[in-house]
Amino acid sequence: MVSCECTLLTTEYTTNSIGVQEETLTQKVIPIMKIEDIYANEFYQASSTGFKPELRIRTSSLNYNGEKELIYMGKTYSVIRTQNPTADETIIICERKLKNGKE
């Protein structure tokens, strides 16, 4: 069964009392309206610039605030770009994020 939600990841940096930056990871679960196919021309255009789009998610524009990473079905993805086909919807195009060169 395909999951109907994904988790957006936001990294925030704060400076503590002695001046050291600390990283805080915030997670926000959002509903998904639709999982769409990556179009062939979009795939080849992205490949020519070094990206490999694998996931295309349609969600409400109210849910997305410029996050750069998300988790879907237990896998972490980096956001390549977004589209706004209407004022109410955002399409998030993602590629698989690899950690240390491994899956």
Side-chain angles (χ1 to χ4, degrees):
M1 183 171 142
V2 177
S3 179
C4 296
E5 61 187 26
C6 69
T7 304
L8 295 174
L9 304 174
T10 305
T11 304
E12 297 176 1
Y13 296 94
T14 56
T15 305
N16 64 14
S17 61
I18 60 172
V20 177
Q21 278 194 341
E22 297 175 342
E23 184 178 296
T24 305
L25 183 67
T26 306
Q27 298 184 1
K28 178 174 75 170
V29 177
I30 64 164
I32 295 174
M33 293 173 148
K34 185 178 180 182
I35 299 292
E36 299 179 347
D37 293 330
I38 300 292
Y39 304 123
N41 63 345
E42 180 178 42
F43 179 82
Y44 291 115
Q45 284 179 344
S47 293
S48 69
T49 57
F51 294 110
K52 186 178 177 190
E54 296 181 30
L55 181 64
R56 186 178 170 101
I57 294 175
R58 185 180 293 252
T59 188
S60 170
S61 294
L62 298 173
N63 295 325
Y64 183 73
N65 294 316
E67 291 86 355
K68 299 295 181 196
E69 293 181 333
L70 62 86
I71 299 173
Y72 177 70
M73 301 287 285
K75 297 178 183 174
T76 304
Y77 294 88
S78 296
V79 176
I80 298 173
R81 67 184 181 89
T82 60
Q83 294 176 328
N84 293 92
T86 66
D88 298 334
E89 295 179 348
T90 298
I91 297 173
I92 306 169
I93 297 108
C94 308
E95 71 178 342
R96 181 78 184 276
K97 182 170 182 155
L98 303 178
K99 297 188 181 201
N100 299 329
K102 300 177 183 174
E103 289 193 45

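All values below come from the heavy atoms of this structure, side chains included, with hydrogens, waters and symmetry mates left out.
Listed by chain and residue number, E22 satisfy the side-chain hydrogen bond (donor to acceptor under 3.5 Å, both in side chains) test with N16 (two or more places apart in sequence, or in another chain). In this structure Q21 satisfies the side-chain hydrogen bond (donor to acceptor under 3.5 Å, both in side chains) test with no other residue, sequence neighbours excluded. Listed by chain and number, the residues in a side-chain hydrogen bond (donor to acceptor under 3.5 Å, both in side chains) with T90 are S61, N84 (sequence neighbours excluded).
Connection of L62 to M33 is not established within any shared hydrophobic cluster, with ILVMFWY side chains joined at heavy-atom distances below 4.5 Å, either directly or through further cluster members.
Ion pair E54/R96 not flagged as a salt bridge, since none of the NZ, NE, NH1 or NH2 atoms sits closer than 4.0 Å to an Asp/Glu carboxylate oxygen.
Between I30 and C6, the closest side-chain pair of non-hydrogen atoms falls below 4.5 Å. Within the 4.5 Å cutoff, no side-chain heavy atoms of Y77 are placed close to those of I92.
Atom-to-atom distance recorded for E95:CD and I80:CD1 is 4.5 Å, nearest 0.5 angstrom. To the nearest 0.5 Å, atoms OG1 (T59) and CD1 (I35) are separated by 9.5 Å. Taking CG of L8 as the reference point, atom CD of Q27 lies at 10.0 Å (rounded to 0.5 Å). Put simply, CD on E12 and OG1 on T24 are 6.5 Å apart, with the number rounded to the nearest 0.5 Å. Atom OG of S78 sits about 11.5 Å away from atom CG of L55, to the nearest 0.5 Å. Going from atom CD1 of I91 over to atom OG1 of T86 covers 8.5 Å, rounded to the nearest 0.5 Å.
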Name the atoms and distances for all side-chain donor-acceptor pairs under 3.5 Å in residues 64-71, with sequence neighbours left out.
residue, atom, partner, partner atom, Å
Y64, OH, E67, O, 2.7
E67, OE1, N65, N, 2.9
E69, OE2, K97, NZ, 2.1

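Atom NZ of K28 has more than 12 heavy atoms from other residues, nucleotides or ligands within 6.0 Å.
Applying the under-4.5 Å side-chain rule to Ile, Leu, Val, Met, Phe, Trp and Tyr, the cluster around V29 consists of that residue alone. Hydrophobic cluster membership for Y13: none, as no Ile, Leu, Val, Met, Phe, Trp or Tyr side chain comes under 4.5 Å of it.
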